[in-house]
Amino acid sequence: MSENLATENGVQAEDTIVEIPIYPEFESDIPKQLPKRKVFWKIFIAYFSLLLVVGVIVLWFLYRDMERYEATTPNAALNTYINWIKDGDFESIYAASDFEETILNNKEEYVKYLARLYGGDTSTLTVREKATSTDERKEYSVYMGDQRVSSLSLIKNPAWGETSWNYVTEVQYLPATTIYAAEDIRLSINGMDASLLNLSGTPVQNTLFGVSEQTDTLPVIQSYTIESLLNAPTIEGLTLGGDVCTVVQDVNGIYHVLRPTAEALRTEREELAKEVAFTYAKFISRDAEREDVLKLIAKNSDLYQKVKAFSNDWFSKHDSVKFRDVTVTGYCQYSSNDFSCEIRFTPVYLRGGQEKETGIFHNRLHFVLIGDQWQLFTMTQLSDELPSEEPVDDLPE
């Protein structure tokens, strides 16, 4: 019966085809598509970031251009110079300056000069522009407090110059430096041997010993002059034997290179000078004979002739003489054949049991070695207030 039903309908069960859709087992297996809106924002952010980077780079280059321009102005150059002074960076000032070095005025001396020049209170540092300034050259006066210490010039460099402005610091050289030294002393100035400086010496023994004409008896003392030094020189001297000399500066600014002397020899010579001074004073007061003092004086000296012609008949008679408050100072020696020292004492004369003081004896005695004997060559009278290098015109009374 069932077979008939199928036949009646004209469709057999086996011939029926039913299509059933097949779905993925999991939803994640279906590929997703990005929304268009998200893509737009990503592109926008990337574009904005690019613009931001480009803008920063442009601003950086503009800043560097402005910085370079500012550095080329005279005000910037002046501020740099002031900061160098305040920081004590004198090496930078030297590097930016066209300072012309010499053998004695080298870089070290120039830096030392700047340190001395600007060694004051830098907190009071001020700069005033001069009316003579131009676009190509700026002129300034540098002050510390109310005192002008220097002058500065800023000179504009051409395009090919290493810096925009060149610094020229006013240089004030010292007065001429004079040095007295024996001719056999090996002299050096600022570490440089004097023989390399082409210094020519002038004999000054007549000036030192106070004589009018040069004699062969005197040791040769040379005077050397050095011009245009930035700083006080460092002067050294050596004897032929390698002994280190002493360098002293007198009230007139002259440097004296003195030969070293052993303490025992110095004491011996000071005692000799003291005895010669006593003999001379006794001759003036008629307590010693003329021959007693003449044998102590060099025969070819002016002093010998003065003593020989001097009359002491005017001096008052007395019983005896003694010397009070005796001092020996200022020993110096230029060569192995000379020495000098200052002798000071007060002569006291006794007459009728009473003491009477006279004027103070204060002289520098100069001795020269003649043969094997030290002899007095000159005697320079000194004031108790200020020393004098003038020779004695008349014998002290």
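We count residues from 1, following the sequence as given.
- Using modelled atom types and a 3.5 Å distance limit, the side chains of Thr261 and Gln333 yield a donor-acceptor pair.
- The pair Asp325-Arg344 does not count as a salt bridge, with every side-chain nitrogen at least 4.0 angstrom from each carboxylate oxygen.
- At least one donor-acceptor pair under 3.5 Å links the side chain of Gln205 to the backbone N or O of Ile221.
- Atom CZ of Phe323 and atom NZ of Lys274 lie 11.5 Å apart (nearest 0.5 Å).
- Looking only at atom types and distance, the side chain of Asn337 has no donor-acceptor partner in the side chain of Ser335 under 3.5 Å away.
- Of all heavy-atom pairs spanning Thr169 and Ser150, the tightest one is CG2-OG, 3.6 Å.
- Using cut-offs of 30° and 60° for the angle between ring planes, the Tyr167 and Tyr81 rings count as parallel.
- The minimum heavy-atom distance between Leu376 and Ser301, with the atom names listed, is O-OG, 4.4 Å.
- Distance OG1/Thr279 to CD1/Ile284: 11.5 Å, rounded to 0.5 Å.
- Minimum interatomic distance between Ser340 and Arg364 (heavy atoms only, all atoms of both residues): OG-NH1, 2.8 Å.
- Closest approach of Val149 to Met144, counting heavy atoms only: CG1-CB, 4.2 Å.
- Closest of all the heavy-atom pairs between Pro233 and Asn190 is CA-OD1, 3.5 Å.
- The line from OH of Tyr255 to OG1 of Thr177 is 6.0 Å long, rounded to the nearest 0.5 Å.
- Applying the ring-ring contact (aromatic ring centres under 6.0 Å, His included) definition to pairs two or more places apart or across chains, those involving residues 107-149 are Phe99-Tyr110.
- The only option from Leu208, Asn300, Val368 that meets the side-chain contact (heavy atoms from CB on, under 4.5 Å) definition with Leu218 turns out to be Val368.
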Distance-only check: which donor-acceptor pairs under 3.5 Å involve side-chain atoms of residues 348-355, not counting sequence neighbours?
unit_1, atom_1, unit_2, atom_2, d
Arg351, NH1, Lys317, O, 3.1
Glu355, OE1, Arg324, NH2, 3.0
Glu355, OE2, Lys322, NZ, 2.9

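- A donor-acceptor contact shorter than 3.5 Å is absent between the side chain of Ser188 and the backbone of Gly191.
- For Val168, the side-chain contact (heavy atoms from CB on, under 4.5 Å) test picks out Ser153, Ile155, Asn166, with sequence neighbours left out.
- In this structure a side-chain-to-backbone donor-acceptor pair under 3.5 Å is present from Ser133 to Glu139.
- Atom NE2 of residue His256 and atom OG1 of residue Thr178 lie 9.5 Å apart, to the nearest 0.5 angstrom.
- Among residues at least two apart or in separate chains, there is no salt bridge (charged side-chain N to carboxylate O under 4.0 Å, His left out) pair with a member in residues 279-299.
- Within the structure, salt bridge (charged side-chain N to carboxylate O under 4.0 Å, His left out) pairs that include any residue of residues 82-105 comprise Glu91-Lys107 (at least two apart or interchain).
- Each of Ile226, Asn231, Leu230 was scored for a side-chain contact (heavy atoms from CB on, under 4.5 Å) with Leu104, with one residue passing: Ile226.
- Using a 4.0 Å cut-off between charged side-chain N and carboxylate O, Glu263 and Arg266 make no salt bridge.
- Listed by chain and number, the residues in a salt bridge (charged side-chain N to carboxylate O under 4.0 Å, His left out) with Arg259 are Asp184 (sequence neighbours excluded).
- With 3.5 Å as the limit, one finds no donor-acceptor pair spanning the side chains of Asn75 and Thr73.
- Without hydrogens or angle criteria, Asn363 side chain to Leu365 main chain gives no donor-acceptor distance under 3.5 Å.
- Looking only at distances, no side-chain donor or acceptor of Gln222 sits under 3.5 Å from a matching main-chain atom of Ala182.
- With hydrogens and angles disregarded, no donor-acceptor distance shorter than 3.5 Å links the side chain of Asn252 to the backbone of Ile254.
- Note that CZ of Phe209 and OG1 of Thr217 are 11.0 Å apart. Values are rounded to the nearest 0.5 Å.
- Between Ile103 and Leu196, the shortest heavy-atom contact is CD1-O, 4.4 Å.
- Side chain of Thr122 to main chain of Leu125: no donor-acceptor pair is present (N/O by atom type, distance under 3.5 Å, no hydrogens or angles).
- Side-chain contact annotation: Ser316 with Lys356, donor-acceptor N/O pair under 3.5 Å absent.
- Between Phe377 and His366, the gap from one ring centroid to the other reaches at least 6.0 Å.
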